[in-house]
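Read through the structure below, which is laid out as structure tokens, and then see the notes.
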Number of protein chains: 2
Amino acid sequence: MSESRPRIVPEATVARLAVYLRVLAGLADGGRSHVSSGELASAAGVNPAGLRKDLSYLGPCGVRGVGYSINGLRDRLTEVLGGERSRPCVLVGIGRLGSALADYSGFASRGFQFAGLLDSDPRSVGSEVGGLTVRPVEDLEAVVAETRASIGVITTPAEVAQSVCDRLVAAGVRSILNFAPVALTVPAGVDVRKVDLSVELQVLAFLDQQRDGSAPVVAALRATGGAR
Amino acid sequence: MSESRPRIVPEATVARLAVYLRVLAGLADGGRSHVSSGELASAAGVNPAGLRKDLSYLGPCGVRGVGYSINGLRDRLTEVLGGERSRPCVLVGIGRLGSALADYSGFASRGFQFAGLLDSDPRSVGSEVGGLTVRPVEDLEAVVAETRASIGVITTPAEVAQSVCDRLVAAGVRSILNFAPVALTVPAGVDVRKVDLSVELQVLAFLDQQRDGSAPVVAALRATGGAR
DNA sequence: GCGACTTTGTTCAGGAGTTCACAAGCGGTT
DNA sequence: AACCGCTTGTGAACTCCTGAACAAAGTCGC
């Protein structure tokens, strides 16, 4: 049943597919059976044509004149995004942010379950967070092997993030979500995604400052009439 | 001393400038006085040429044959990114994630201080988080006015995020960082940045599945020899 | 059974961002 | 004082992504 079309899916599209999937989940409760691309796009905050282009990477999955079957599209997206099987994750660094993530219901509801929590602080080790007992970071390799985790989440301080990453990779983890403010270096074949919270705030501060027009660079920019 | 060149700074560049600034802060402790673009780029995880292009938007700030003055560049970046003045932020939704953010030392160390915490749950209201007392969400407009906050952070459930956003905007907040899994609609002149944690995990799951080669779409892709 | 309307899937053009490669400029050295 | 090596800054090609227009296809009504 595999398609003959050898399409490659851009990473930007993959991120949007995940958004569409969540919107569909919310729509399924409404009792409707079909959605149009325009409706979905507006709910997801994207362009309708772009949404259709994104979905076209999966092959034809809509019906012309009608729209997309909500359940059908949801199943297809789930399949493509790899949400069928539950993927065990390990989380290293049970500080404030790590604890919040371990408890975060948004993960569990989407098939992601933390199967192991690790920390180096003896005061954290042994405590229970989100139904799991925190284990010492020395057990990292053992926990990865036990849980067969394929995704590792790093919420440690920046100083130890790289060494934790190296150990995760050596233990067989090939996908890493990094919250520590450092650029991790990994061998080829390992994927890293970085979430940098303070960078987000700093970008907002820049935009704020830009609006105020107090920065020299932007003052010049304003003078050209290019501001909007 | 303002430059005559009316350059516009791409948003992707702004995000990287924030990363450079953090790397520089770590480098300043080392006792060195200058860095080369190659060194900085490797620490920040980007291309050296791209880094130079990014910095060129600020006008010439390096010395040929020597590199960039660590302190000089740090000051320039701080100025451009708007980190001079401390920008007060309000945080709405003091759940697990919200509490973690309110405490997050990474924000305070970069000049971002939460000046107001709001929640709708009576059990949260009145409690102290990160040195601040949580106030009822009814006080939102008053808190924004008191603190003159220009940045709002939303960590509420998805259902109420849009209404909270509307109230923030009406109260004068023009920069919003959204952790709720919905696409917020705002009037022109307001900037929104979205952090979607479950999307990040889902992208990693996709890449994982892609490596396994078990997805039909990707099986076809592999067959063409395009895998890396 | 046929026509018109609706909505998808695709093609095409436009723009933004990234990478490579080279000339210009500065410091140190002989 | 002139040369040489090193590093920045920038111009150009390239890739990727996004946004708009058009044809194919299926459904509903008559």
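Quick caveat: nothing in here was measured; it's all calculated off a predicted structure. Protein chains get the first letters and strands the later ones, always in sequence-line order, with residue 1 at the start of each.
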Rounded to the Å, how far apart are [X] [atom1] and [N] [atom2]?
X: Tyr68(B); N: dG27(C); atom1: OH; atom2: P; result: 16 Å
X: Arg52(B); N: dA12(D); atom1: CZ; atom2: C1'; result: 15 Å
X: Leu55(B); N: dT8(D); atom1: CG; atom2: P; result: 9 Å
X: Glu39(A); N: dT8(C); atom1: CD; atom2: P; result: 10 Å
X: Leu40(B); N: dC6(D); atom1: CG; atom2: C1'; result: 17 Å
X: His34(A); N: dT6(C); atom1: NE2; atom2: C1'; result: 14 Å
X: Leu73(A); N: dT7(C); atom1: CG; atom2: P; result: 16 Å
X: Tyr20(A); N: dT8(C); atom1: OH; atom2: C1'; result: 15 Å

Salt-bridge test for Arg16(B) and Glu11(B): reply yes if a basic N is under 4.0 Å from a carboxylate O, no otherwise.
no

Listed by chain and number, what are the side chain to side chain donor-acceptor pair (under 3.5 Å) partners of Ser198(B), not counting sequence neighbours?
Arg22(A), Asp196(B)

Non-neighbouring partners of Thr155(B) that pass side chain to side chain donor-acceptor pair (under 3.5 Å), sequence neighbours left out
none

Table of protein N/O atoms under 3.5 Å from nucleotides 18-20 of chain D N/O atoms:
from: dT18(D); atom 1: OP1; to: Arg16(A); atom 2: NH1; distance (Å): 2.6
from: dT18(D); atom 1: OP2; to: Arg16(A); atom 2: NH1; distance (Å): 3.4
from: dT18(D); atom 1: OP2; to: Arg16(A); atom 2: NH2; distance (Å): 2.8
from: dA20(D); atom 1: OP2; to: Asn47(A); atom 2: ND2; distance (Å): 3.0

Atom pairs and distances, donor-acceptor, side-chain atoms in residues 168-189 of chain A, under 3.5 Å, two or more places apart:
from: Ser175(A); atom 1: OG; to: Asp208(B); atom 2: OD1; distance (Å): 3.0
from: Ser175(A); atom 1: OG; to: Arg211(B); atom 2: NH2; distance (Å): 2.8
from: Asn178(A); atom 1: OD1; to: Ala180(A); atom 2: N; distance (Å): 2.9
from: Asn178(A); atom 1: ND2; to: Ala180(A); atom 2: O; distance (Å): 3.2
from: Asn178(A); atom 1: ND2; to: Val182(A); atom 2: O; distance (Å): 3.1

Before you tell me yes or no, could you show the steps for Glu39(B) and Arg32(B) under salt bridge (Lys or Arg N to Asp or Glu O under 4.0 Å), namely the whole-Å CA-CA distance, both residues' side-chain angles and the distance that decides it to 0.1 Å?
CA-CA 13 Å; Glu39(B) 208 172 346; Arg32(B) 315 228 337 249; 2.8 Å; yes

Ignoring backbone atoms, test whether Ser56(B) places a side-chain nitrogen or oxygen under 4.0 Å from the OP1 or OP2 oxygen of dG9(D).
no

Strictly below 4.0 Å: does Ser36(B) bring a side-chain N or O up to OP1 or OP2 of dT7(D)?
no

Applying salt bridge (charged side-chain N to carboxylate O under 4.0 Å, His left out), can you list everything that pairs with Arg167(A), at least two apart in sequence or on another chain?
Glu141(A)

Interatomic spacing from CG in Leu17(B) to CG in Leu77(B) - rounded to 0.5 Å:
5.5 Å

I'd like to compare against my own output: the B/S/- annotation of nucleotides 23-30 of chain D with a strict under-4.0 Å heavy-atom distance to protein.
-BBSS---

Is there a side-chain contact between Ile70(A) and His34(A) (heavy atoms, below 4.5 Å)?
no

